[in-house]
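Inspection log for the structure reproduced underneath, given as structure tokens.
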There are 2 protein chains.
Amino acid sequence: MQHQKLATIEDVAALAGVSIATVSRAINEPTKVADETRRKVTEAIARTGYTTNAMARSLRMRRSNMILILAPDVGDPNFSNILVGLETEASKRGYGVLIGNTQNDPARETDYLRFISSNQADGLILFTGHLPYGFGQDGTEGRLPPMVAVNEPVPNAEVPFVGVDNFEGARIATEHLISQGHRRIAFVGRSSAREVNRLREEGYRRALAGAGIAIDPRMIIDGDGTTESGRAAAELMFVRDALPTAFFCVNDATALGVIISLNARHYDLPRQFSIMGFDDISFSSFVTPSLTTMKQPRHRIGEAAMELLLALLAGEKPREQQVLLRAELIVRNSVTRVG
Amino acid sequence: MQHQKLATIEDVAALAGVSIATVSRAINEPTKVADETRRKVTEAIARTGYTTNAMARSLRMRRSNMILILAPDVGDPNFSNILVGLETEASKRGYGVLIGNTQNDPARETDYLRFISSNQADGLILFTGHLPYGFGQDGTEGRLPPMVAVNEPVPNAEVPFVGVDNFEGARIATEHLISQGHRRIAFVGRSSAREVNRLREEGYRRALAGAGIAIDPRMIIDGDGTTESGRAAAELMFVRDALPTAFFCVNDATALGVIISLNARHYDLPRQFSIMGFDDISFSSFVTPSLTTMKQPRHRIGEAAMELLLALLAGEKPREQQVLLRAELIVRNSVTRVG
DNA sequence: TGTGATGATGTAAAGGTTTTCATGATTGAT
DNA sequence: ATCAATCATGAAAACCTTTACATCATCACA
């Protein structure tokens, strides 16, 4: 390009009057070179404006110091906040992050593997909940790079997972509703296909059982986690004519749907119904009534995941197969005392 | 690492019984090699599972096929949706995207330059609104890589800009309010420091002027674009006792603040006040009343920016210094007819 | 048949590092 | 004074490509 030719290690060596090997050592293992020599090299580097060519370095070292992040939807706000944590930690350790938006398209997933197989990335962070399509096929078998799953665990695979403790979080959320006097508590968002939903339902059940409250199957409504599914679920409850005093929703998006439905029916919230969410996404504090919810420590999840991946990369064995971080109860206005 | 040794071009050449030069050509300029030879090479590649080593390739070609994206806040939802467009277009053209979260920290900005100076990235997308701190200093002067600014133009620099047409969008928004019978229209979010705010205010003024409505300086309120600033602005109007019938807010976050303030004062929206936003961020459709706003074509902005950068990279001269995309009026419930 | 052009392939250099191994110098111990 | 150990440095190989240049065969045309 228009780049004028950059200084190479040879230019530095010439200017400092030493060999390129010495320059390399002065940069990477400063203790192994004499003080005086190091001084000369340092000065020569400053004078030439030398920066080491990452490509040559990666070629030689067989590692790129890059991490590939594979996510089904980069636009998802839940993703982007974790990304901040991932990026922060990576950058701190001298790694760069490469991002791949798969849209759940197998072709794109496969396509991104070239970054791995061509040595452009040393490790992999998976938001997809499954191994990239194309792994474990033909010759690539067994050449899986170090990787860590975030957000969504990878079933049937030895991939360490970092995420929020959904079971425990859901239990705490439900217990909060119980502590406010609620006995008829709906769970909105049952889905056997989604591990996250399953775990949150488990936590809900555990809390009810712990309080000696019998579980009413009519209080458990299917849902896929979208706002629309929350709206539909609330409507369904009116049809069934089995009304709770509180809705525990599998996530904030679902809770929003429930609120929209109840507002449309002109109920006075939270006086007539309490709503509890999970995730604490950005608009949860702005909706009316503002949403009481469980906050995911997204930044820390990102940091922890990257930390784990870099440890793996350094050859350490993971001590645990999963790292679960605690969700935090955020009390706002959508839950109120009853009875 | 645990990676077993990968096949190199030499393995392929040996298996196909040709030289490595021929293999390289078969891959990169297939027409330049005989049909029969190409067939043999293709088969050998399949058999060995060969993928070309990107590092060696980049080293030799002096280009990495990577784009660095520098953003002050990767968690910002406005950013992440543009990112999807950037990524889509890049990926389609065989480029990868590297992301750098600067948090407006000069040290981090400088740090990310190593990706450029070490040849790890060929071009730069800037969300920061200014050249990275450290550019144009000392020796690096004049070694600016191809770059494109997005979201926020870079003042006093020859950096092509891709973004929404703020002036025109604000004009359309204000005209919409006028078409609904509004005459007393406030502008919330004046800021001389922010180019975006300045342009939107310009559009607002033009629309009023076009309709022959005199501008009342009490109707123009300062604000930095945050939700809190919107709330404060609305409160200020009550103090001043100079009330409009409609608020045109510099962005949706500000509009949200205005809505929160009006709701808290128990006004019936939109009957008593109309509110118009700008941006169409995710929760705008969920707030009550749902927000009438101007939608930024974020995906297309991303695509257009990447397209432009890749053209620059290919040596083309940009035809225009800026590419402005039209915002689209999204009519929801927060604006109603008056008078 | 001879000549020049065209086409397919191979040889080798270049790209910029890191690192092994060798070399000499210096130090410390005997 | 001798020998071994340590230390600082340099020469050169290796990492894996792409590509300029050379070679050789083939073909068309005179």
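Every heavy atom of this structure was used, including side-chain atoms; hydrogens, water molecules and symmetry mates were not. Sequence lines set the chain letters: A, B, ... in the order given, protein chains first and strands last, and positions in each chain run from 1.
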Rounded to whole Å, the CD-P distance (B/E10 to D/dC15) equals 9 Å
Quick note, A/Y50 side chain, CB onward, closest among C/dG15, C/dT17, D/dT9 is C/dT17
Of D/dT9, D/dC16, C/dT17, the nucleotide closest to the side chain of A/R25 is D/dT9
Rounded to whole Å, the CG-P distance (A/L59 to C/dT17) equals 12 Å
Per atom distances to the B/N53 side chain, the nearest of C/dT17, C/dT11, D/dT17 is D/dT17
Here the distance between atom P of D/dC16 and atom CZ of A/R63, to the nearest Å, is 16 Å
### Donor-acceptor pair between A/H130 and A/E152 side chains, under 3.5 angstrom
no
Side-chain contact check for B/I9: nearest option of C/dG16, D/dT18, C/dT17 is D/dT18
- Query: Touch check for A/S24, heavy atoms < 4.0 angstrom, all strands: base, sugar-phosphate only, or nothing?
  - Reply: base
Separation between CG (A/L124) and CD1 (A/I116), nearest 0.5 Å, reads 5.0 Å
Check for a donor-acceptor pair, side chain of B/R38 on one end and backbone N or O of B/P30 on the other, with a separation under 3.5 Å.
yes
5'-most contact on DNA chain C (nearest-nucleotide basis), A/R57 vs B/T31, goes to B/T31
Worksheet item: Should B/T22 be listed as having a side-chain N or O under 4.0 Å from OP1 or OP2 of C/dG10?
Response: yes
A/E36 CD to D/dT9 P, in whole Å, measures 10 Å
(request) Show the numbers, then the answer: is there a side-chain hydrogen bond (donor to acceptor under 3.5 Å, both in side chains) between B/R62 and B/N119? (result) CA-CA 7 Å; B/R62 287 201 168 93; B/N119 270 325; over 6 Å; no
Here the distance between atom C1' of D/dT18 and atom NZ of B/K32, to the nearest Å, is 12 Å
In short, the helix from C/dT1-D/dA30 to C/dT30-D/dA1 is bent end to end, axes from five pairs each side, to 10°, by 40°
Atom CE of A/M55 and atom C1' of C/dT18 are separated, to the nearest Å, by 17 Å
Problem set entry | Sidechain N-carboxylate O distance under 4.0 Å for B/R108, B/D111 | no
### Message
Any base atoms under 4.0 Å from A/T52, or only sugar-phosphate, or nothing? Heavy atoms, all strands.
### Response
sugar-phosphate
Against the side chain of A/S19, the closest entry in D/dT18, D/dG10, C/dA8 is D/dG10
Applied to residues 78-106 of chain B, the ring-ring contact (aromatic ring centres under 6.0 Å, His included) test, sequence neighbours excluded, yields B/F79-B/F127
Check: With a 4.0 Å cut-off on heavy atoms, is A/S58 in touch with a base, just the backbone sugar-phosphate, or nothing at all?
Finding: nothing
*Side-chain donor or acceptor of B/S24 paired with backbone N/O of B/I20 under 3.5 Å*: no
Side chains of A/T8 and A/E10, donor plus acceptor under 3.5 Å: no
B/L6 CG to D/dT17 P, in whole Å, measures 9 Å
Check your understanding: Counting N and O atoms only, with roles assigned by atom type, does the side chain of B/D122 sit under 3.5 Å from a partner on the main chain of B/S64, one being a donor and the other an acceptor?
Key -> yes
Quick one: which protein N/O atoms are closer than 3.5 Å to N/O atoms of nucleotides 12-14 of chain D? Pair and distance per line, please.
{"unit_1": "D/dA14", "atom_1": "N3", "unit_2": "A/R60", "atom_2": "NH1", "d": "3.0"}

Rounded to whole Å, CE of B/M61 lies from P of D/dC16 at a distance of 18 Å
Closest to the side chain of B/N28, out of D/dT18, D/dC15, C/dT9, is D/dT18
Exercise. State whether the side chain of A/N101 and the backbone N or O of B/V84 hold a donor-acceptor pair below 3.5 Å, judged by distance alone.
Key: no
